[in-house]
Structures are given as structure tokens and as C-alpha cells.
Amino acid sequence: MSITDGLDLVSNQAYAEKGVPHDLWTRLRAESPVHWCTPPNFTPFWAITKHADICEISKQPDVFSSASGIAMIREAEDEAIRQQNQGFGAMRVIIEMDPPEHRSVRNVASPVFTPRAVKAMDATIRTSAREIVDRLAGPTGAGEGECDFANDVAAAHPLRILSTMLGVPREAEPDILRLTNQLFASEDPDLQREGEDRRQSIAELGLELYQLFDKIIQDRRANPRDDLASLLANAETDGEPMGMMETLGYFLITFTAGHDTTKNALVGGMRAFLENPDQLEKMKSDRGLVDSAVEEVVRWTSPVNHMKRMVTRDYELRGQKLKAGDWLVMFYASANRDEEIFEAPFEFRIDRNPNRHLGFGIGEHFCLGANLARRSQRALFHELAQRMEWAELAGDPEQIHSAFVVGLKKLPMRYRIRAAA
Ligand code: HEM
């Protein structure tokens, strides 16, 4: 009998109920690293679980195309999205483009995400981290308390940073947060959009996002400033103004790719620290370890759980014959526990070195926001390492109903924060 039909690898429900399927991946890596899956209600796919194979695939975007979509979702939902000719069904995002188009559209925003450009964002990033930890500390600036780290801390930090970059006014921050939650956790009963008809709900969600970003785009065309929103609103590709669907798509991908990913890394990282208090103590006593701790947090949490590709020509991988038109799914979370690459992969070690994790992907689509994601996490963990006297779990963490951007929606925590130095 086959090890798995793949349902537990891609079903949102399975992640909510059973958590991330590390046991299954460990078996697949050992016994069937290129595994044919036929889960009910999903298109069949090859499950790719080894680090080396994900590297090989990601470096050949001409053979493994992103253009047919990158998230493994149920066939019915996939169809509903594709049938939208308005809203985000029609938006074009770089993550779903292949070269050469991909390269020229990626170049539009890449100057904003270089290490140097992101360093210029430091004031915003640090202020956000300080304000959030101040809020935890309470009105006197120091004290004990309880919070839901997922919503009160981890969601708030990237929300402020990305909203600042994209020109989203403070009063619209809750709207944008709700919309991205609905987009990524469309099957989570606590986060999903209300409405009986899935197709209708998806159309409305797309329209709302469209309206929000369109207002900002029109404003930045009339009054350009020195920010990412203005750069995108006035961008050209190949000497022509960038199309409206590409422009809207850029806003959408920057926000959606940047928010829940960073949030899930932060909340999963905090949980790892609570469950490994020696590692928290280590970071508190040597804050020089914050940078490598952030790499370990991204490896450990792997917020982007998978990416899908379509095979464009017959290809042999570990003796398996992939056919043109087949789908494959690369599981980064599995590659990040690959015993052939990582010593003691199931141990959370903040001083892991080297740490060749694939949490940000690799190759053509390597995460455009990796520098920003790193700096945002460093700022928050640095602030916490400096000011958190102690912290402990105050209830059961809850997993989001999602097999794509994976993480916790609740992390109840008790803590004591000391005053800022
Ligand atoms: C811990 C946080 C993050 C993680 C784990 C993460 C992970 C990833 C991964 C795995 C990919 C590769 C997709 C593929 O191969 O198809 C990717 C692409 C991307 N990420 Fe991130 N990301 C994070 C934060 C961010 C942030 C903060 C931004 C922007 C503000 C961002 C923007 C993007 C964009 C635009 C792409 C598409 C790049 C392309 O297609 O060329 N990400 N990310």
C-alpha cells in the first residue's frame, strides 16, 4: 500500500486537526522522496520532500512553471478563482510568472528590497517593535500580563511595516488584515469570509482588495512620493507603463506574501522559544545570536509550507518519470528537516551554523522580501530578548486551517516585561 494518498499533505483541515505532517514527510524522504499522490478532490501531484530536489527544480523555471498557480487548493476552489475575470482572479502576480516576463516585472520592485534599501526602513521597523513591546508592558512601561502573541504581537508588526511601505492609511490597516486572512485561510471557520456561495465570496473579496489598492495607486500617480507605493503606481516594464492588473497584483503580492509569512514565523518562533527555554535564555544573554536565531526560526517554522509547479517537458527525477503537464508540490517544511542537510534537524538550535534552510525558497522566485522579513523579525526578537524577563504558555496554541501559509492563529502567553533601557 502507498505511504499516503497525499491528502494529509495538502488538506487545510488535516493541518488544523493533526498539525504539520512531519512524521509523514520523514517517511517519504526515506522511502519515496518523489511520491505520486492522488488525494480526493485535488488534482494528482508529485510530492517532493528532499532539499536537493527542491533546489534542482527551483533552478529550472523553464521546465517547472509557476504560471498555472503555486498553491495546492481543492479543484472546486481553484476553478472558482480562475473563473473570476474581475478582482484577484484577473490580477497578475510575479510569483505566478515565468521568465523572461518574470524577470522584467520582478526588477520593478527589487531595488526597494535590497539590503541597503531595507536598512533605510530600520526606523519604521524598530519603532514598530518597540511600540508593540511597550504595549505588552502596559501603561507603566514594565509589568506582567497575558496576551495572544499571534494577534497582539506577531500580526501587528508586519502589518505596520507593510502598510507604511504600501501607503495603506492607519485606519485601513484592520481592513487589509481581514482581507489577507480571508484570502489565505479561506477554509478556517474563524477567519473565512462569510457567505454561502464560495464563488461569490471570492469575487467580493477580490473586489474589496481591488478598491483599496486602486485608491492608493490613483493617489500616488497624482502625488508621487519616495515610497514603494509610488514606485509601483508609476512603474514601467520594457519601456511601457506597467499594466493595471500587474500593478494591482504587485500590491497584492507584496502585502499577502509579506504579512502572514512574517507573522507565522514570529508566532511559531515564539512558541519554539517557550518550548525550548534554554534557547530563549541563550538569546537573552547573547543578543549577537539574534540574527542566526531568526534563520533558525524560519527553518523551524517554514511558514510557506509548499509551492506548486507544472512540469513543461518530460523529466526524470530520482528514477521517477515526470510527464509534461504533471503537477508537483515542493514541501519546504520537509526540506528544512532533511537529515542529509541538517544535523539533528528536529532540534531548535538558535546558533545553527551553517543553516542552509529553504524557508525563503531558492532560484528564480527566491523571496523578494527576504531582507525585509529578516530585519522585521530581528527587530522584534531583539526587543523581546532585551526586555522579556520571563514568558510561559498560558493555554493551548491553535493551528490555522491552512496547508499553504502555515502557522498558529492563537498563542496564549503570560510574561513579564522590563522597562526599555
Ligand atoms: C518569514 C517571512 C517570509 C517567508 C518564509 C517567505 C517565503 C517565500 C518563499 C518560499 C517564496 C518563493 C516562492 C516560489 O518559489 O514560488 C517567496 C516569494 C516571494 N516573497 Fe516571500 N516570504 C516571506 C516574507 C516576505 C516579505 C516580507 C515580502 C515582501 C514584503 C515577501 C515577498 C515575496 C514575493 C514578492 C515573492 C515572489 C518572488 C518572485 O516570484 O520572484 N515575502 N517568499
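Position 1 is the first residue of the sequence; numbering continues from there. Here the structure is a predicted model, which means the values were calculated and not measured. Each ligand, and each atom within it, is numbered from 1 in the order the structure gives.
The atoms of ligand 1 that sit less than 4.0 Å from any heavy atom of T254 are 29 (C), 30 (C). Short contacts between ligand 1 and T262, defined as distances under 4.0 Å to a heavy atom of the residue, involve ligand atoms 2 (C), 27 (C). Those atoms of ligand 1 with a heavy atom of V304 less than 4.0 angstrom away are 6 (C), 7 (C), 8 (C), 10 (C). Residue contact check: M307 has heavy atoms under 4.0 Å from atoms 13 (C), 14 (C), 16 (O) of ligand 1. Numbered from 1 in the order shown, with element, the atoms of ligand 1 that lie under 4.0 Å from a heavy atom of H102 read 39 (C), 40 (O), 41 (O). Every atom of ligand 1 is numbered from 1 in the order shown, and the set under 4.0 Å from a heavy atom of G361 is 10 (C). Within the listing of ligand 1, atoms 1 (C) sit less than 4.0 angstrom from a heavy atom of Q377.
Checked against a 6.0 Å centroid threshold, the rings of F273 and F381 count as neighbours. Ring centroid separation for the pair Y15 and H401 does not come in under the 6.0 Å cut-off.
Under 4.0 angstrom from ligand 1, the non-hydrogen atoms of L372 all belong to its side chain. Contacts between R374 and ligand 1, counted as non-hydrogen atom pairs separated by less than 4.0 Å, are absent for every part of the residue. When non-hydrogen atoms are compared, ligand 1 lies under 4.0 Å from the side chain of L162 (C-beta onward) but not from its backbone. Here Y332 has side-chain heavy atoms under 4.0 Å from ligand 1, and that is the only part of it that gets that close. Contacts between M97 and ligand 1 below 4.0 angstrom, taking non-hydrogen atoms only, are absent altogether.
Within 6.0 Å of atom CD in E316, more than 12 heavy atoms from other residues, nucleotides or ligands are found, so the atom counts as buried in its surroundings. Heavy-atom neighbours of D278 CG from other residues, nucleotides or ligands within 6.0 Å: above the threshold of 12.
A salt bridge between R349 and E343 is present, with a side-chain N of the basic residue lying under 4.0 Å from a carboxylate O of the acidic one.
The closest approach between any non-hydrogen atom of M165 and ligand 1 is not below 4.0 Å. In this structure, G359 counts as a contact residue of ligand 1, since one of its heavy atoms falls inside 4.0 Å of the ligand. Taking 4.0 Å as the cut-off, F255 does not count as a neighbour of ligand 1 on heavy-atom distance.
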Y315 vs Q60, test: side chain to side chain donor-acceptor pair (under 3.5 Å). Steps then yes/no. CA-CA 11 Å; Y315 192 91; Q60 301 181 77; 2.8 Å; yes
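Between L328 and V311 the shortest side-chain heavy-atom distance falls below 4.5 Å.
At least one N/O-N/O distance between R106 and ligand 1 falls below 3.5 Å. Residue S66 has no nitrogen or oxygen atom sitting less than 3.5 Å from a nitrogen or oxygen atom of ligand 1, judged on distance alone.
The nearest protein atom to atom 21 (Fe) of ligand 1, hydrogens excluded, is given as C367 SG, 2.3 Å; this is a heavy-atom distance. Taking atom 27 (C) of ligand 1 as the reference point, the nearest protein heavy-atom neighbour is G258 CA, 3.5 Å.
Side-chain atoms of H51 do not come within 3.5 Å of backbone N or O of I341 as any donor-acceptor pair.
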